[in-house]
Amino acid sequence: MTKEEFENIYRQHYAKMYRLAKTMLYDVDESKDVVSDIFTRLLRDGDGPQKDKIEGYLMTAVRNRCCDMISHKTMRERVEKLILQELMQCPIISMNDDDRLERLMQFIEAELPPLSQEIFRLRFLSEMSYEEVAQATGVSKVTVYNHLSQSLQRIKEYFQQQTAKR
């Protein structure tokens with residue numbers, strides 16, 4: 001594929017691909033990433049489908065990539081939600097919300113490493129997405145997820161120990 005052919009395909013199909021991705025993902029940055037990844041793969045592989053089939057190929061690639069992202073995101077969110085539910089089922093629930101939040105913040109400041117503290121605050125207090133937290137901290141989304149999982153596990157264990165002491 002020549003540079004001109006690629007540029008023509010890009011100009012002709014980018015907007016449609018982006019709209020499809022944004023409709024599926026509801027996220028501007030992730031949608032741009034999906035479309036960019038597909039064009040990168042097309043450019044890297046060089047041999048795209050025939051010209052009369054390129055639109056179907058590109059739109060199918062966007063749909064498939066978005067479905068993959070949604071399933072991975074859904075799994076992460078389900079795991080996170082389950083961990084939070086378990087955490088909230090600890091007997092500390094009998095305390096009022098302000099006391100619980102204050103003890104939680106004290107534990108985070110005293111026991112979690114600085115990066116974990118920052119990731120936790122950005123994700124739960126600032127309500128940022130994994131992608132936004134990753135960009136803000138300069139780490140990958142996987143690293144964000146790992147830090148959150150470990151932090152939530154440590155918080156859960158701490159509050160379970162506090163409850164056992166009572």
Side-chain angles (χ1 to χ4, degrees), residues 10 13-45 58-59 61-93 95-165:
Y10 181 86
H13 299 285
Y14 181 87
K16 288 183 266 186
M17 294 168 65
Y18 172 73
R19 277 193 304 273
L20 175 60
K22 190 172 176 204
T23 300
M24 291 182 74
L25 299 174
Y26 302 104
D27 186 290
V28 171
D29 293 329
E30 285 182 354
S31 299
K32 288 178 182 177
D33 288 346
V34 164
V35 175
S36 294
D37 288 346
I38 291 166
F39 277 118
T40 300
R41 190 170 14 135
L42 182 65
L43 187 60
R44 184 189 63 223
D45 296 344
L58 294 173
M59 298 304 277
V62 169
R63 182 184 58 84
N64 291 343
R65 181 69 179 117
C66 289
C67 286
D68 288 345
M69 291 182 78
I70 289 167
S71 70
H72 289 278
K73 184 186 292 187
T74 303
M75 180 60 77
R76 282 195 313 263
E77 289 172 353
R78 283 189 296 203
V79 168
E80 181 180 295
K81 186 177 178 180
L82 287 172
I83 291 172
L84 282 173
Q85 285 175 346
E86 284 184 36
L87 177 63
M88 297 313 287
Q89 288 175 358
C90 291
I92 193 167
I93 203 89
M95 302 173 69
N96 71 40
D97 289 340
D98 291 337
D99 291 340
R100 200 175 33 199
L101 183 59
E102 183 178 329
R103 286 188 58 197
L104 175 62
M105 295 311 295
Q106 288 173 351
F107 174 80
I108 289 169
E109 290 173 9
E111 301 296 327
L112 297 181
L115 180 59
S116 294
Q117 290 179 32
E118 182 178 8
I119 288 171
F120 190 89
R121 284 190 186 102
L122 292 173
R123 177 70 179 123
F124 294 113
L125 300 180
S126 299
E127 298 181 359
M128 296 172 92
S129 69
Y130 282 89
E131 179 69 31
E132 292 168 330
V133 173
Q135 288 176 353
T137 56
V139 299
S140 71
K141 287 191 284 188
V142 172
T143 301
V144 169
Y145 177 75
N146 289 338
H147 275 269
L148 286 173
S149 295
Q150 292 169 2
S151 296
L152 289 170
Q153 183 61 38
R154 289 183 66 189
I155 291 167
K156 179 182 171 186
E157 289 169 359
Y158 170 75
F159 283 114
Q160 285 175 340
Q161 287 173 357
Q162 293 300 309
T163 303
K165 290 180 182 179

ask   = How many angstroms lie between CZ in F107 and CD in Q117, if you round to the nearest 0.5 Å?
value = 10.0 Å
ask   = Is a donor on one side and an acceptor on the other found under 3.5 Å between the side chain of S116 and the backbone of L112?
value = no
ask   = Looking only at heavy atoms, which two atoms of A21 and V35 are closest? And how far apart?
value = CB-CG2, 4.4 Å
request  = Would you mind reporting whether C67 and M24 have side-chain heavy atoms less than 4.5 Å apart?
outcome  = yes
task = Looking only at non-hydrogen atoms, find the nearest pair between L148 and F120 and report the distance.
result = CD2-CA, 3.9 Å
note = Sorted by chain and residue number, the side-chain hydrogen bond (donor to acceptor under 3.5 Å, both in side chains) partners of K32 (sequence neighbours excluded) come out as none
ask   = So, R154 side chain and E111 main chain: donor-acceptor pair closer than 3.5 Å or not?
value = yes
task = Inspect the contact between E30 and R65 and indicate whether a charged nitrogen and a carboxylate oxygen are less than 4.0 angstrom apart.
result = no
Spacing of OH belonging to Y18 relative to CG belonging to L25, to within rounding of 0.5 Å = 10.0 Å
query = At what distance, to the nearest 0.5 angstrom, does CE of M128 lie from CD1 of I119?
reply = 11.5 Å
inquiry  = For C66 versus V34, what's the shortest heavy-atom pair and its separation?
reply    = SG-CG1, 4.1 Å
key: side chain to side chain contact (heavy atoms under 4.5 Å, CB included) between E131 and D27, worked out   = CA-CA 10 Å; E131 179 69 31; D27 186 290; 5.6 Å; no
query = Roughly how far, to the nearest 0.5 Å, is CD of E118 from CD1 of I108?
reply = 13.0 Å
task = To the nearest 0.5 angstrom, please state how far the OG atom of S36 sits from the CZ atom of R41.
result = 12.5 Å
query = Hey, what's the ring geometry for F39 with Y14, parallel, tilted or perpendicular (30° and 60° as the breaks)?
reply = parallel
remark   = When every non-hydrogen atom of V139 is compared with those of T137, the smallest separation belongs to CG2-OG1, 3.1 Å
request  = Only counting residues at least two apart or in another chain, list the ones meeting salt bridge (charged side-chain N to carboxylate O under 4.0 Å, His left out) with R63.
outcome  = none
message = Could you walk me through whether K22 and V28 satisfy the side chain to side chain contact (heavy atoms under 4.5 Å, CB included) test, starting with their C-alpha distance in whole Å, then the side-chain angles of each, then the deciding distance to 0.1 Å, before giving a yes or no?
response = CA-CA 6 Å; K22 190 172 176 204; V28 171; 3.9 Å; yes
key: Distance in Å, R123 CZ paired with Y145 OH, rounded so as to fall on 0.5 Å steps   = 11.5 Å
Qualifying residue, where the test is side-chain contact (heavy atoms from CB on, under 4.5 Å) with I38 and the options are L43, L58, D33 = L58
ask   = Can you check whether H147's main-chain N or O pairs, donor with acceptor, with S151's side chain at less than 3.5 Å?
value = yes
ask   = Looking only at heavy atoms, what is the nearest atom pair of M59 and L20, with distance?
value = O-CD2, 3.6 Å
